[in-house]
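The next block holds one structure in the form of structure tokens; read it before the comments.
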Amino acid sequence: MKSLLRLYAIFHKEFTQLLRDRLTFGMIVGIPLIQLVLFGFAINTDVRNLTAALVDQADTSLSRQMVSDMTASQVVDFQYRVATIEELTTLMDQGSISIGLYIPPDFDRRILDRNRVGAGGNRAAAQILVDGTDPIILGVGRQLANIPVSFDSTRRLQGSVGLEVRNFYNPERRSAVNIVPGLIGVILTMTMVLFTAVAIVREKERGNMEFLINTPVKSLELMLGKILPYVVIGFIQVSLILILGWFLFRVPVQGSLIDVYLATMVFIAANLALGLLISTSAQTQFQAMQMTFFFFLPSILLSGFMFPFDGMPKAAQAIAEVLPLTHFNRIIRNIMLRGAEIDFLSSDILALLAFAFIALSIAIMRFNKRLD
Amino acid sequence: MNPSQENYAITATGLSRRFGSLLAVNNINLKIPTGSIYGFLGPNGSGKSTTIRMLCGLLTPSSGTVEVLGLQIPRQAEILKHQIGYMTQKFSLYDDLTVKENLAFVGEIYAIPRKQRKQRVNELLEEFELSSQAKQRAGTLSGGQRQRLALAAAILHKPSLLLLDEPTSAVDPQNRRDFWVTLFSLAEQGTTILVSTHYMDEAERCHRLAILDEGVIVADDTPKNLGENIDMNVYEVITEKANEARIALLKLAEVFSVTQVGLHLRVLMPKSVADSLQKVEAILHRNGLTGTVAEIEPNLEDVFVAVTEKHRKEQRQERTKGKGQEVVS
Ligand SMILES: Nc1ncnc2c1ncn2[C@@H]1O[C@H](COP(=O)(O)OP(=O)(O)O)[C@@H](O)[C@H]1O
Ligand SMILES: [Mg+2]
């Protein structure tokens, strides 16, 4: 009973302060809003109409067919037609084009050779020059390279080659649909960890903690009371993202809304626990912020939000498995996009629970009611 | 519990605290009688806060033992927390909560039942003249109001021991006087109070006093005894040219210290010096200064100057002696 009252005291106090702190409250609403609009509109991984140049030294019906297939994909726009590979390189050096296609005079012959030996053998039939400084364009180049390979196996497959290209760069495919579920995790990671870490460190900095730890309040009561308001905040943010996601980008929730919130709750718990852990090491709000970003950056980069998880080196994948965001991204995409049901025994949920439990335990062990 | 312990709210023996290479509190012994107002007098950095923090279990001593209200500290600090009130040197309530919210919060933290809590909060608002500020944010209060709020919060749960760390440093004289009236009435009700300060007039009001310097208790007695037992003669010198007189007096090795107070000088000379009054007069005369010299009663400031200076001189001597030995060996 006494314990509950003390817990309520901390919770209530924290919530009152939160509502009065305009800046924090602005961040609670502002961060999801800005990020959603920013990522939703600005980050467009649908690659269309890259400026390209073409050297077709074969000029056969087969080569023309391949070029028109590529053009039909709308990924590249052959704005330049030049005679030699040197001119192509010059254009690339000038930065006028992102992609160059070189078809040698003996294109048909090479295709036939490859047919005989089998795919993968012998010389390449044509060459794609790519501006490798941009990873997205590099990826496009790789995809385009698949066209001649499929093409070469037999002329009968030509139709399916065209289909394959549309599959990759479907004009209907919208990145917002992928990005919004991922954003839930990103925004929660940023705000939940930061808010809790700062909430406790602020009390140390302002001297409130010295009074508080000299009262009968228990470490656990103090910690739970401090983080519970942020669970509420987390849910407000998720709702905001879902609503905005629907109105701005028509991002659907295929699975059940309850599952979305359940998954979010587990994820919030993991992040709050981490925030607490950070608060036990940081002495100033600035340090707390630094530590949060130290954690936030790899989360964004490695969790599969930015780059496909499967494409990462093994070591990066291993690090990613430790990050809650990686697991949450899988869970939430499953629920929101594939319409899957939440499975509390799935390795991802268990990983999140384990993370929360371990981080909270260490935080409570490290937090003592002392100043030294 | 034996009877001798019962009479002391706080006993500490051989208490030390180190921060890296700095010895912030150096082997102090304390006995604070139950129901008394006990003062820590010392300049900034003398170890007052560090000692208070060790007494309530916030800092672990580097060595020594502490017993507070019969509890072993820091081992039993959690039990102690129900029975002590602590007013930190820095305002430690919440600036963004109102006066009433702050007090209600503290009441909840001490798990006081709802009805009693409300009653107690209102009672304290009345008593500390904060009723009209009840809905005002603590951050917008004046220094005196803040200090009253902090004291109200510290005694809300009616602790039997009150630790006050420089409670009056940001408060005007009138508020300070009122504050001391409150302290005396709390002491009358049986509360033991430990208060740190660097104001002489406040220290004078304490039942007992420990003077701290560089982490050491250099004197420890009632203010009256401290004044009487000082082994210095104090002379008041009234002269037109106080500054010249000061410079002249300081050249005499037997003069312990000279302090200018307004137009007068207070001169301390060790009791061991014979004919010290005549010596002071002679110096003035030799320097062509006219004025009067009279022996006066030592006040607490004289005590403070005497004991801290003595301690520092001893320290210096020890250090140079140490160095000398090093050179020899
Ligand atoms: N947490 C700490 N870390 C390092 N040094 C400290 C710490 N707390 C106090 N000190 C040092 O210990 C000495 C005594 O400080 P303190 O007890 O605050 O003195 P007072 O309260 O009398 O002004 C000072 O020199 C101070 O710098
Ligand atoms: Mg201090």
Side-chain angles (χ1 to χ4, degrees), chain A residues 1-26 195 198-226 228-229 283-285 364-372, chain B residues 17-19 24 49-50 52-62 73-74 77-98 100-114 117 137-139 150 153-154 156-157 159 161-163 165:
Chain A
M1 231 10 246
K2 286 190 170 182
S3 190
L4 270 182
L5 181 56
R6 289 192 292 254
L7 183 67
Y8 166 79
I10 305 272
F11 173 84
H12 180 230
K13 182 223 75 171
E14 194 69 22
F15 215 83
T16 312
Q17 285 184 305
L18 204 75
L19 293 179
R20 288 188 188 159
D21 181 357
R22 293 246 172 102
L23 185 69
T24 306
F25 205 69
F195 286 168
V198 165
I200 291 194
V201 175
R202 190 178 46 211
E203 297 217 356
K204 283 194 214 170
E205 245 182 356
R206 293 189 185 165
N208 309 126
M209 201 52 99
E210 187 170 352
F211 175 81
L212 215 48
I213 58 179
N214 223 339
T215 69
V217 72
K218 304 233 167 25
S219 299
L220 187 65
E221 294 156 4
L222 186 57
M223 298 219 148
L224 286 182
K226 291 269 326 171
L228 281 178
Q283 290 305 318
T284 63
Q285 294 187 54
I364 289 175
M365 273 188 318
R366 283 182 54 92
F367 182 87
N368 52 19
K369 289 173 70 183
R370 298 261 176 83
L371 290 172
D372 51 3
Chain B
R17 171 70 201 207
R18 205 170 256 295
F19 293 112
S49 298
T50 306
I52 292 178
R53 285 172 177 154
M54 284 194 286
L55 294 180
C56 57
L58 290 186
L59 280 176
T60 317
S62 303
I73 305 301
E78 280 309 301
I79 308 171
L80 180 68
K81 284 179 183 171
H82 293 271
Q83 301 167 48
I84 57 166
Y86 176 38
M87 189 170 154
T88 52
Q89 182 169 355
K90 201 177 151 204
F91 182 70
S92 59
L93 294 172
Y94 297 95
D95 282 346
D96 42 3
L97 295 185
T98 67
K100 197 166 183 172
E101 283 168 343
N102 267 303
L103 289 178
F105 170 71
V106 174
E108 284 165 359
I109 283 292
Y110 282 102
I112 299 169
R114 190 186 163 81
R117 190 168 70 225
R137 304 246 173 116
L156 192 135
H157 61 296
L161 173 63
L162 200 51
L163 305 174
D165 195 357

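Within every chain, numbering begins at 1; the chains are lettered A, B, ... in the order of the sequence lines, protein sequences first and strands thereafter.
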Contact class of [X] relative to chain A, heavy atoms under 4.5 angstrom:
X	answer
Arg137(B)	side chain
Pro113(B)	neither
Thr88(B)	side chain
Ile112(B)	backbone

For atom NZ of Lys226(A), is the number of surrounding heavy atoms from other residues, nucleotides or ligands below 6.0 Å larger than 12? yes
Can you establish whether the number of heavy atoms outside Phe19(B) located under 6.0 Å from its atom CZ is more than 12? yes
Min side-chain heavy-atom separation [X]-[Y] under 4.5 Å:
X	Y	value
Lys81(B)	Thr215(A)	no
Thr16(A)	Leu97(B)	yes
Glu210(A)	Gln89(B)	no

Contacting region of [X] [heavy-atom separation from chain B under 4.5 Å]:
X	answer
Leu212(A)	side chain
Arg206(A)	both
Glu203(A)	side chain

Do side-chain atoms of Arg53(B) reach the backbone of Leu371(A) as a donor and acceptor pair under 3.5 angstrom? no
So which atom in [X] and which in [Y] form the shortest heavy-atom distance, rounded to 0.1 Å?
X	Y	result
Asn214(A)	Cys56(B)	ND2-SG, 3.2 Å
Phe211(A)	Tyr86(B)	CD1-O, 3.8 Å
Ser92(B)	Gly207(A)	CB-O, 3.1 Å

Roughly how far, to the nearest 0.5 Å, is CG of Leu18(A) from CG of Asp96(B)? 10.0 Å
Between the CD atom in Glu101(B) and the NE2 atom in His12(A), the distance rounded to the nearest 0.5 Å is 7.0 Å
Checked Phe105(B), Phe91(B), Tyr110(B), Tyr94(B) vs chain A; the most non-hydrogen pairs under 4.5 Å come from Tyr94(B)
Residue among Met87(B), Glu108(B), Lys90(B) with most heavy-atom pairs under 4.5 Å to chain A: Glu108(B)
Which of Lys369(A), Arg370(A), Lys218(A) passes salt bridge (charged side-chain N to carboxylate O under 4.0 Å, His left out) with Glu78(B)? Answer is Lys369(A)
